[in-house]
Novice: 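First the structure, which I've put down as structure tokens, then a few questions once you've had a look.
Residue numbers begin at 1 in each chain, while the letters A, B, ... track the order of the sequences.
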Amino acid sequence: MANLTLVQAINLALIQEMERDDRVLILGEDVGPNGGVFRVTEGLHKRFGSKRVVDTPLAESGIIGTSIGLAIAGLRPIPEIQFEGFLGPAYDQICSHAARMRTRTRGAMTIPLTVRVPVGGGIHAPELHSDSPESIYIHQPGLKVVMPSSPYDAKGLLISAIRDPDPVMFFEPKRIYRAFREEVPEDEYTLPLGKARVVCEGDAMTVVSWGSSVVQCMQAIERSGRSIELIDLRTLYPFDMDAVEASVKKTGRCVIVHEAPKTCGFGAEIAARIMERCFLYLESPVQRVAGFDTIMPYYKLELDYMPDADRIARAIEETAAY
Amino acid sequence: MPIKSAFTTSIDHVSILDAEARFDEKLGAGLIPDADLVKLYEHMCICRQLDEVAFKLQRSGRMGTFPQNMGQEATSMGAAYALEKTDWLVPCYRENAGLIWRGMPMEMILLHWMGDERGNAIPRELHCMPLAIPIGTQMLHATGLAWAAKYRGEKRLACTFFGDGATSEGDFHEAMNFAANLDIPVIFFCQNNFWAISVPGKIQCSAPTIAQRAVAYGMDTIQCDGNDIFAVVHCVRQAAKLAREKGRPFFIEAVTYRLGDHTTADDARRYREQAEVDSWKARDPIIRIRKFLTAKKLWDDAKEAALAERAEREVAAAVERAEGIAAPNRTDFFNHMYATIPPDLALQRDTAQTHGIGQDPSQIEGAVIELPAKSAH
Ligand SMILES: Cc1ncc(C[n+]2csc(CCOP(=O)(O)OP(=O)(O)O)c2C)c(N)n1
């Protein structure tokens with residue numbers, strides 16, 4: 001076991017998958033000798049050479065579009081998009097092609113690619129470097145969407161994503177890239193896509209979250225002193241509604257927390273599913289703590305935008321008091 | 001049938017005041033009056049001071065990520081000088097010298113990089129677009145702005161700036177194609193500084209010049225020494241004339257170099273040789289003008305000392321103004337989302353700090369709920 005940050009855990013997963021399978025290659029902007037702007041691909045270029053760790057032209061549509069071709073031809077490309085704000089030019093290739101190729105070819109062609117994208121705020125970055133676009137991609141049928149919240153999960157989920165036969169959006173919450181360390185097995189292991197993790201157990205309330213908000217939730221829960229069950233979804237499509245259902249049936253109350261804007265955020269989907277599956281078990285309305293329906297502000301106000309432990313704690317108290 | 005040549009072309013490279021401060025009288029005489037050159041030099045030095053101070057502000061935690069402009073001052077400043085004040089400037093993010101020459105207050109630029117959106121409240125009469133963060137997107141806006149001028153019969157241009165990396169993005173090619181085929185008077189100004197963060201120019205364009213890209217679109221083009229203010233002014237004037245008289249776009253490739261890291265979040269030593277950087281330090285646009293002015297007896301050590309003192313004072317004052325502005329209201333980011341804020345969003349704003357859920361407080365008895373105290377750690 002090694003004590004690793006999220007960045008190191010991802011780096012290790014990439015190395016192991018590249019060693020195991022020579023169909024795996026990495027492409028993107030600055031991923032080569034520079035090791036990526038967050039150093040996630042650090043050392044890989046040296047180790048695997050410029051045939052397998054490829055600095056591309058500055059063109060996101062090009063990065064994803066060529067990855068689609070590489071994948072159809074039997075390789076396992078792992079394109080990196082430098083920041084989520086620059087998914088824009090790639091959107092067309094991701095949603096118009098990667099997500100639809102299996103359907104369009106009646107299963108003859110598959111797109112086993114894993115798009116790695118740092119997401120989210122909280123690191124004092126410039127404009128368009130702090131957004132949370134997961135709902136957009138969850139909403140696109142044909143894609144899988146993953147967002148780990150810990151080094152251990154990141155490694156196991158990334159390996160699963162790389163081996164998955166379908167396109168996976170692998171969103172990395174950059175706020176916790178180096179925020180803490182965790183014991184991560186050196187051997188390879190996988191975590192199934194679509195399975196949530198119960199971070200802590202409780203019977204008075206369920207809190208559902210993902211990504212870096214999970215860490216904020218843990219702080220709020222500790223502060224509340226109540227018996228709260230925290231569920232980290234880990235995979236956002238497919239998502240583990242069974243885990244949420246079991247927990248909400250047990251606790252009768254639920255708060256959902258995410259950084260992305262509230263309207264049409266993934267919290268809305270979870271809340272609606274709870275209505276479908278657990279309505280008669282509810283003791284209070286399902287609450288959401290989310291980013292506001294505004295553009296993510298420049299960093300002076302980013303912490304006022306993002307759900308922090310205070311706002312989550314307030315929602316917990318409100319829900320408990322209902 | 002013999003094989004004939006279907007197309008041949010050549011691309012000129014313009015240099016007027018070279019790195020040894022040799023001056024081409026034929027091209028350069030009368031291009032920039034002495035008094036203006038002195039002003040341009042002073043301005044460049046003040047911008048260099050701003051650049052250095054901004055870097056220190058970032059290092060001491062008083063500012064966020066900052067892209068240094070060091071070494072590239074002649075490009076945007078030369079263009080801003082050569083254009084009319086009513087022409088649009090459509091920048092990327094390494095054009096402080098040009099924007100400030102146009103009249104952008106320094107503190108606004110600082111405020112922007114200090115993570116404060118009020119730095120973007122650009123006075124309309126400056127005809128400057130806000131800094132563009134997504135690479136390669138703003139050339140289309142410039143094309144639209146220039147198109148609007150043509151539509152209205154105004155002799156107004158747009159000049160857009162971007163790096164070598166940006167010429168790989170699809171939007172760049174769409175902008176070039178629109179402008180050339182629809183006869184839109186826009187100047188495409190590429191600041192080829194050889195690096196897009198760590199990626200060398202060769203990966204963006206394997207042709208010997210970036211200017212060749214314009215040829216493919218049927219657009220006039222020229223390459224110039226981007227560290228030579230005279231060459232820049234010469235080329236922008238030529239481009240502007242064609243644009244104004246014929247309504248045609250023009251592509252300028254200015255060969256320059258960023259002397260600093262890509263931004264303060266980058267460490268260029270990881271990917272480029274110090275010898276390369278040193279060779280470009282010798283070609284610094286500032287040193288070059290100073291040599292020229294000194295040789296012409298328009299500049300001396302006393303003036304240089306006075307300028308250094310003035311630059312320090314003016315930049316310090318700008319920093320003080322930027323830092324002196326009261327922190328934005330915590331819900332400031334709700335403003336300017338829509339002309340009229342929708343009721344639901346107004347409710348989110350009004351309950352943002354008092355309710356965990358930012359939703360209708362009437363649902364909850366006792367409205368504002370007390371929080372348990374924060375634990376010690
Ligand atoms: C669409 C998009 N992709 C990626 C980035 C991240 N990024 C910021 S600057 C940069 C390199 C830009 O290089 P170039 O266009 O040559 O301009 P320079 O900074 O060298 O002046 C990259 C990749 C971005 N801002 N926008």
Side-chain angles (χ1 to χ4, degrees), chain A residues 29-35 37 55-62 82 85-86 88-89 124-129 219-220 222-226 255 262-263 285 287-290 292-302 304-305 307 309-322, chain B residues 64-65 93 112-117 119-120 131 133-137 163 165-171 196-200 203-205 263 265-266 270-271 327-328 330-334 337 342 344-345 348-349 352-359 363-366 369-375:
Chain A
E29 295 154 13
D30 301 287
V31 297
N34 200 36
V37 293
D55 268 336
T56 65
L58 205 179
E60 290 74 12
S61 180
Q82 210 158 73
F86 312 131
H124 265 206
E127 183 188 9
L128 274 162
H129 289 67
Q219 290 169 14
E222 192 189 325
R223 210 170 130 185
S224 78
R226 297 175 187 274
V255 174
K262 180 176 170 183
T263 296
Q287 307 283 25
R288 282 177 287 161
V289 187
F292 300 103
D293 294 339
T294 68
I295 304 291
M296 176 75 176
Y298 286 14
Y299 73 77
K300 266 193 188 167
L301 293 177
E302 70 177 337
D304 288 292
Y305 175 94
D310 257 11
R311 265 169 69 202
I312 300 165
R314 211 178 278 287
I316 288 172
E317 295 311 312
E318 287 167 1
T319 302
Y322 199 90
Chain B
T65 307
Y93 45 72
H112 174 101
W113 297 109
M114 285 173 172
D116 191 325
E117 288 169 40
N120 286 354
L131 309 192
I133 298 293
I135 299 294
T137 47
T167 69
S168 291
E169 288 280 5
D171 276 7
I197 311 189
S198 74
V199 180
I203 288 178
Q204 314 294 344
C205 179
T263 65
D266 174 46
R270 291 172 66 91
Y271 53 80
R330 291 180 72 184
T331 56
D332 181 70
F333 56 87
F334 288 92
M337 286 301 306
D344 186 62
L345 194 56
Q348 287 191 13
R349 177 194 60 200
Q353 306 306 333
T354 50
H355 289 75
I357 46 187
Q359 70 183 27
Q363 268 195 15
I364 306 147
E365 254 177 87
I369 303 236
E370 281 300 313
L371 285 180
K374 280 189 184 154
S375 51

Novice: With a 4.5 angstrom heavy-atom cut-off, which part of A:L301 approaches chain B: side chain, backbone, both or neither?
Specialist: both
Novice: Who among A:P33, A:P126, A:P307 has the most heavy-atom pairs with chain B under 4.5 Å?
Specialist: A:P126
Novice: Any side-chain heavy atom of A:D293 within less than 4.5 Å of one from B:Q348?
Specialist: yes
Novice: Of all the heavy-atom pairs spanning A:F86 and B:P134, show the shortest one and how long it is.
Specialist: CE2-CA, 3.8 Å
Novice: Rounded to the nearest 0.5 Å, what's the gap from CG on A:L58 to CD on B:Q204? Could you check?
Specialist: 5.5 Å
Novice: Can you name the closest pair of heavy atoms from B:S168 and A:A59 and give their distance?
Specialist: O-CB, 3.5 Å
Novice: Heavy-atom distance under 4.5 Å to chain A: side chain of B:F334, backbone, both or neither?
Specialist: both
Novice: To check you understand the geometry: which heavy-atom pair defines the closest contact between A:N34 and B:Y271, and what is its length?
Specialist: OD1-CD2, 3.6 Å
Novice: Please classify the contact between B:A166 and chain A as side chain, backbone, both or neither, with a heavy-atom cut-off of under 4.5 Å.
Specialist: backbone
Novice: Taking side chain as everything from C-beta outward and backbone as N, CA, C, O, which of these in A:Q219 sits under 4.5 Å from a heavy atom of chain B? Side chain, backbone, both or neither.
Specialist: neither
Novice: Going by heavy atoms in the side chains, are A:T56 and B:I203 under 4.5 Å from each other?
Specialist: no
Novice: Counting only non-hydrogen atoms closer than 4.5 Å, does B:L345 touch chain A with its backbone (N, CA, C, O), its side chain (CB onward), both, or neither?
Specialist: side chain
Novice: Can you establish whether the number of heavy atoms outside A:L128 located under 6.0 Å from its atom CG is more than 12?
Specialist: yes
Novice: Among all residues two or more places apart in sequence or in another chain, which pass the ring pair (Phe, Tyr, Trp, His ring centres under 6.0 Å) test with B:Y93?
Specialist: none
Novice: Give the minimum heavy-atom separation between A:K300 and B:D116, together with the two atoms involved.
Specialist: NZ-OD2, 3.4 Å
Novice: First locate atom CG of B:D332, then atom OH of A:Y298, and finally report the distance between them rounded to the nearest 0.5 Å.
Specialist: 12.0 Å
Novice: How long is the span from the CE atom in B:M337 to the OG1 atom in A:T294, to the nearest 0.5 Å?
Specialist: 5.5 Å
Novice: Under a 4.5 Å cut-off applied to non-hydrogen side-chain atoms, are A:V37 and B:D266 in contact?
Specialist: no
Novice: Mind checking the CD-CD1 spacing from A:E29 to B:I135? Nearest 0.5 Å is all I need.
Specialist: 8.5 Å
Novice: State, with a plain yes or no, whether a side-chain heavy atom of B:R349 is found less than 4.5 Å away from one of A:F292.
Specialist: no
Novice: Report the C-alpha separation of B:T65 and A:H129 in whole Å, then their side-chain angles, then the decisive distance to 0.1 Å, and conclude whether the side-chain contact (heavy atoms from CB on, under 4.5 Å) test is met.
Specialist: CA-CA 11 Å; B:T65 307; A:H129 289 67; over 6 Å; no
Novice: Do the side chains of A:E127 and B:L131 get nearer than 4.5 Å, heavy atoms only?
Specialist: no
